[in-house]
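Residue indices begin at 1 and follow the sequence shown.
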Amino acid sequence: MASPALAQSPENNGYVADKPLELYIHDTVQGDLYYTVGNSYYSGKVYPGDIYSVNLNVNLPEGATVKFARLYAYWTWSAEGIQGRYPEMKLSFNGEELTPEREYTDRKGWGIYDYPTGTWAYDVSDRISGSGTFVTDLENTGSGASYVCFDGAGLLIVYTDPNGKYIEYWVSEGADMLNSQVDENDNPLYYTTPDQTICEMLKPTLQLPFRSATLWTITQSGNWEDNTLLVNEEKFPGICNGKPYPDLDIDVREIKDYLKSGENSILFQAIGDYVVPSGTFLVIERDSLAGVTQASTGETSENPEETDPTPEASETRTQAETSEKETEKAPGFEFISTLVFLTGGKLIAGYRKQEARE
């Protein structure tokens with residue numbers, strides 16, 4: 001077989017960064033942000049009638065009130081045989097079937113690996129009133145031998161708390177399929193170089209000063225140390241470290257020292273890897289919300305009269321509970337520390353996603 005690098009270049013290359021994440025909300029609150037993937041795991045192939053289930057445990061402070069709750073289904077490699085197709089699936093949350101509010105998808109549009117991937121977002125604000133365990137069931141409702149693979153499910157909650165912190169927050173979501181893998185001679189395997197695989201995650205406009213800045217970066221199918229987070233002029237390699245597990249990376253880090261007054265740039269660069277940026281959350285903690293306005297809504301912050309911060313009352317949380325469950329994996333996927341696959345005489349991480357699905 002001819003090397004992909006020697007084949008004719010495609011007219012439509014879905015590996016180029018062309019789907020920047022979309023800003024869902026930018027607001028302020030006295031309270032906090034909570035995100036968990038519960039006991040999510042990589043599903044392998046889920047066939048018609050099969051169900052992928054995740055338990056999402058939520059622990060909110062006593063007296064907290066849910067401002068909004070957003071459920072994410074992270075899916076990949078939807079196909080029938082070796083022919084890619086968009087999935088037919090049903091999501092139930094605590095037994096109630098829901099319709100996605102937003103469907104973010106990406107697809108290469110060429111070649112033998114033309115499989116779509118995506119992030120579907122659901123509004124579950126009126127279904128969560130406090131702490132508890134919430135069950136997400138995803139069923140393949142397609143026909144024939146169609147299958148879809150799930151990278152996990154995530155639950156994001158923003159809540160108010162009279163004893164909470166004063167925060168300004170941004171939530172962006174989407175699915176941008178990137179691949180800048182190279183062969184043993186450092187030639188691009190899929191016609192894309194790292195300068196073409198830079199996804200725009202967020203462009204927050206900030207008012208200084210603030211106490212802290214916590215950034216969540218959620219990516220599917222990465223786990224390659226060269227993938228890099230770019231915050232203005234600062235570079236953070238190694239953010240795809242296979243945690244909580246190789247097919248759903250969640251990176252949480254403090255970036256206060258790298259932000260500036262005015263517009264900021266937060267980007268994700270795929271370097272030598274196949275990876276799908278799927279979400280980012282930025283939380284700025286302030287001494288007070290007085291005078292802070294929201295560019296996305298035109299509204300002023302909540303509780304502008306409050307000036308006495310209580311940062312110790314409510315810590316920003318993230319949970320990444322994972323099960324030890326071993327399930328059938330699609331061919332080419334292996335849970336090993338670096339997830340590498342032999343191609344062209346060289347071990348290349350991430351290539352597990354590029355093998356034929358039979």
On a heavy-atom basis, the closest approach of Gly63 and Pro162 is O-CD, 3.9 Å
Side chain proximity check, Leu71 to Thr136, heavy atoms < 4.5 angstrom: yes
Under 30°, 30 to 60°, or over 60°: which ring-plane class applies to Tyr122 and Trp120, parallel, tilted or perpendicular? tilted
Pair Arg70-Asp123, salt bridge (Lys or Arg N to Asp or Glu O under 4.0 Å): steps then yes or no: CA-CA 5 Å; Arg70 197 119 170 114; Asp123 182 7; 5.6 Å; no
Residue pair Ser53 / Asp137, side-chain donor-acceptor N/O under 3.5 Å: yes
Using only atom types and a distance under 3.5 Å, with no angle test, would you say the side chain of Asn185 pairs donor to acceptor with the backbone of Asn187? no
Within-4.5 Å side-chain heavy-atom neighbours: Leu138 and Val46: no
Check this for me: Glu225, atom CD, are more than 12 non-hydrogen atoms of other residues, nucleotides or ligands nearer than 6.0 Å? no
Enter the distance from Met177:CE to Asn13:CG here, rounded to the nearest 0.5 Å. 10.5 Å
For Cys240 and Thr219, the nearest pair of non-hydrogen atoms, with its separation, is SG-OG1, 3.6 Å
Could you walk me through whether Ser265 and Leu230 pass the side-chain contact (heavy atoms from CB on, under 4.5 Å) test, one step at a time? CA-CA 8 Å; Ser265 172; Leu230 306 172; over 6 Å; no
Can you tell whether the side chains of Arg85 and Glu88 come within less than 4.0 Å, N to carboxylate O? yes
Could you check whether any side-chain N or O of Gln269 sits under 3.5 Å from a backbone N or O of Pro194, counting only pairs where one atom can act as donor and the other as acceptor? yes
Take Val275 and Thr197, measure what side-chain contact (heavy atoms from CB on, under 4.5 Å) needs, and give me the verdict at the end. CA-CA 10 Å; Val275 61; Thr197 53; over 6 Å; no
Atom pair OG/CD1 of Ser92 and Ile51 - distance to nearest 0.5 Å: 7.5 Å
Can you tell if the side chain of Trp216 reaches within under 4.5 Å of the side chain of Thr280, non-hydrogen atoms only? no
I'd like to know if the side chain of Glu80 reaches the main chain of Ala145, judged simply by a donor and an acceptor atom lying under 3.5 Å from each other, with no hydrogens or angles considered. yes
Decide whether Met89 and Leu91 are clustered together by the hydrophobic rule: side chain heavy atoms of Ile, Leu, Val, Met, Phe, Trp, Tyr closer than 4.5 Å, transitively. yes
Side-chain donor or acceptor of Asp161 paired with backbone N/O of Gly31 under 3.5 Å: no
Look at the side chain of Tyr52 and the backbone N and O of Tyr42, then say whether any donor-acceptor pair between them is shorter than 3.5 Å. no
Just wondering, do Glu254 and Ser212 contact through their side chains at under 4.5 Å, heavy atoms? yes
Is a donor from one side chain sitting under 3.5 angstrom from an acceptor on the other, for Gln181 and Asn179? yes
With no hydrogens and no angle check, is any side-chain donor or acceptor of Asp106 less than 3.5 Å from a backbone partner on Thr117? no
Look at Arg211 together with Asp287 and state whether they make a salt bridge at an N to O cut-off of under 4.0 Å. yes
Got Tyr86 and Thr105 here, is their nearest side-chain heavy-atom distance under 4.5 Å? yes
When the aromatic ring centroids of Phe68 and Tyr159 are compared, is their separation below 6.0 Å? no
Tell me whether the centres of the aromatic rings in Tyr274 and Tyr190 are closer together than 6.0 Å. no
Treating Asn227 as the side-chain partner and Ile271 as the backbone partner, does any N or O pair qualify as donor plus acceptor under 3.5 Å? yes
Would a single hydrophobic cluster contain both Met201 and Tyr258, if residues Ile, Leu, Val, Met, Phe, Trp and Tyr are joined by side-chain heavy-atom contacts under 4.5 Å? yes
If the plane angle is over 60° it's perpendicular, under 30° parallel, otherwise tilted; pick one for Phe93 and Phe134. parallel
Joint hydrophobic cluster, Ile112 plus Leu189, side-chain heavy atoms closer than 4.5 Å: yes
Taking side chain as C-beta onward, heavy atoms only, is Arg253 less than 4.5 Å from Leu229? yes
Is the Tyr191 to Trp110 ring centre distance short of 6.0 Å? yes
Donor-acceptor under 3.5 Å (Ser43 side chain, Phe150 main chain): yes
Nearest heavy-atom pair of Asp176 and Ala17: which atoms, and what distance? OD2-CA, 3.5 Å
Which atom names give the shortest non-hydrogen contact between Val148 and Pro87, and what distance separates them? CG2-CB, 4.0 Å
Consider only side-chain N and O atoms of Tyr104 and Glu173, and report whether a donor and an acceptor are under 3.5 Å apart. yes
Hydrophobic clusters here meaning ILVMFWY residues chained together by side-chain heavy-atom distances under 4.5 Å, can you tell me if Tyr72 and Tyr169 are in one? yes
Between the side chain of Asp114 and the main-chain N/O of Gly109, is any donor-acceptor distance below 3.5 Å? yes
Distance-only donor-acceptor check, side chains Gln220 and Ser278, under 3.5 Å: yes
Only one of Leu248, Asp249, Asp251 clears side chain to side chain contact (heavy atoms under 4.5 Å, CB included) with Ile218; which? Leu248
Is a side-chain donor or acceptor of Ser146 paired with a backbone partner of Ser78 at a separation under 3.5 angstrom? no
Near-ring test Tyr115/Trp77, centroid separation under 6.0 angstrom: yes
Would you indicate whether the side-chain heavy atoms of Leu56 and Thr133 approach each other to under 4.5 Å? no
Taking all atoms of both residues into account, what is the closest heavy-atom pair of Asp151 and Ser221, and its distance? OD2-OG, 3.4 Å
How about Val124 and Leu155: do any of their side-chain heavy atoms sit closer than 4.5 Å? yes
Say whether Ile128 and Val54 are linked into one hydrophobic cluster, either directly or through other cluster members, by side-chain heavy-atom distances under 4.5 angstrom. yes
Do Asn140 and Asp50 have a side chain donor and acceptor closer than 3.5 Å? no
Gln83, CD atom: more than 12 neighbouring heavy atoms under 6.0 Å: no
Of the non-hydrogen atoms in Gly154 and Val37, which two are nearest, and what is the gap between them? CA-CG1, 4.2 Å
side-chain contact (heavy atoms from CB on, under 4.5 Å), that's the test. Do Leu206 and Asn264 meet it? Break it down for me. CA-CA 8 Å; Leu206 301 177; Asn264 292 258; 3.5 Å; yes
Would you mind telling me which of Trp170, Tyr24, Tyr35, Tyr34 makes a ring pair (Phe, Tyr, Trp, His ring centres under 6.0 Å) with Phe281? Tyr35
Before you tell me yes or no, could you show the steps for Val29 and Val158 under side-chain contact (heavy atoms from CB on, under 4.5 Å), namely the whole-Å CA-CA distance, both residues' side-chain angles and the distance that decides it to 0.1 Å? CA-CA 8 Å; Val29 72; Val158 171; 4.1 Å; yes
